[in-house]
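Below: one structure, written as structure tokens.
If you read the sequence from its start, that first residue is 1, and numbering goes on from there. These numbers come from the heavy atoms of this one structure, side chains and all, not from hydrogens, waters or symmetry mates. Being a predicted model, the structure only gives us computed values, none of them experimental.
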Amino acid sequence: MAGQDRPAVGRRAPGELESEVLAALWAAGEPIGAGTVREQVAGEPAYTTVLTILTRLHHKGLVVRTRAGRSHLYAPVRDEAGQAAAGMRELLEHGGDRAAVLARFVSELPAEDEKLLEQLLRGQSED
């Protein structure tokens, strides 16, 4: 059936809300509460849903929370680039033959990214 792999209208793909919540935290640039996060996420999720996602992210070690009165303020542990790097590192650690994984990764990079990676490995700036 056509479209069988797509989520129902109005439903997010698994992990999508977590990504949106993290994006809201990164965009804020400072610790914020669940209500503020909710305002930044598309689709008007319930406050309790956002709070559940923030709690899960806290238990996963992806956000820190500090008490602010009777509620909490949340902030990401890493910036967006740091989070992406951590994900890449985790995949590499569980990918079997590290040399093969790295070789495949580099071979599939666009030329400009390959050049940037070379510069970074040589300790040169991105200029």
Side-chain angles (χ1 to χ4, degrees):
M1 255 176 128
Q4 200 170 14
D5 295 328
R6 293 175 29 198
V9 174
R11 306 237 347 137
R12 289 178 172 84
E16 188 175 346
L17 185 55
E18 281 190 5
S19 296
E20 289 181 36
V21 166
L22 277 171
L25 293 171
W26 288 321
E30 63 184 7
I32 57 175
T36 304
V37 171
R38 181 182 178 268
E39 293 170 2
Q40 304 303 314
V41 174
E44 300 181 17
Y47 177 84
T48 54
T49 300
V50 172
L51 197 54
T52 298
I53 295 298
L54 286 165
T55 301
R56 286 181 186 165
L57 291 171
H58 178 257
H59 289 301
K60 290 179 178 181
L62 299 176
V63 302
V64 292
R65 68 181 179 197
T66 55
R67 182 135 324 257
R70 292 178 50 193
S71 61
H72 290 96
L73 297 178
Y74 297 85
V77 171
R78 299 178 188 95
D79 63 10
E80 192 170 5
Q83 186 63 34
M88 292 168 65
R89 195 171 39 255
E90 184 178 334
L91 289 171
L92 181 60
E93 289 171 3
H94 296 95
D97 182 351
R98 292 173 78 92
V101 172
L102 285 168
R104 176 68 58 90
F105 174 73
V106 171
S107 73
E108 294 181 7
L109 285 175
E112 58 274 2
D113 288 344
E114 189 174 343
K115 182 178 178 184
L116 176 58
L117 181 58
E118 269 186 61
Q119 290 172 343
L120 292 170
L121 289 171
R122 291 184 179 152
Q124 300 171 357
S125 69
E126 297 180 39
D127 302 333

So which heavy atom on Leu51 is nearest to which on Ala34, and how close?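 That closest heavy-atom pairing would be CD1-CB, 3.9 Å.
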Non-hydrogen side-chain atoms of [X] and [Y] separated by less than 4.5 Å:
X	Y	answer
Val37	Glu20	no
Leu54	Leu25	yes
His72	His58	no
Arg38	Thr49	no
Glu18	Val21	no

Tell me whether Leu92 shares a hydrophobic cluster with Val106, the cluster being built from Ile, Leu, Val, Met, Phe, Trp, Tyr side chains joined at under 4.5 Å.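 No; tracing contacts between hydrophobic side chains, which count when under 4.5 Å, never links both residues.
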Is there a path of hydrophobic side-chain contacts, each under 4.5 Å between heavy atoms, that joins Leu120 and Met88?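 Hydrophobic grouping puts Leu120 apart from Met88.
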Glu90 atom CD, neighbour heavy-atom count above 12 within 6.0 Å: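 Counting other residues, nucleotides and ligands, CD of Glu90 stays at 12 neighbours or fewer.
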Glu93 CD: over 12 foreign heavy atoms closer than 6.0 Å: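 More than 12 heavy atoms, drawn from other residues, nucleotides or ligands, come within 6.0 Å of this atom.
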Say you draw a straight line from CD of Gln119 to CD of Glu114; how long is it, rounded to the nearest 0.5 Å?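 Answer rounded to 0.5 Å: 11.5 Å.
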Using 0.5 Å steps for rounding, measure from the NZ atom of Lys60 to the CZ atom of Arg56.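 Here the rounded value is 7.5 Å.
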Does Arg78 reach the main-chain N or O of Leu62 with its side chain, forming a donor-acceptor pair under 3.5 Å?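 Answer holds: no.
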Which residue in the set Val50, Val41, Thr52 passes side chain to side chain contact (heavy atoms under 4.5 Å, CB included) when paired with Leu17?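 With Leu17 as partner, Val50, Val41, Thr52 yield a single side chain to side chain contact (heavy atoms under 4.5 Å, CB included), made by Val41.
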Transitive ILVMFWY cluster of Val64, excluding itself - 4.5 Å side-chain cut-off: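 Once heavy-atom contacts under 4.5 Å are chained together, Val64 belongs with Val77.
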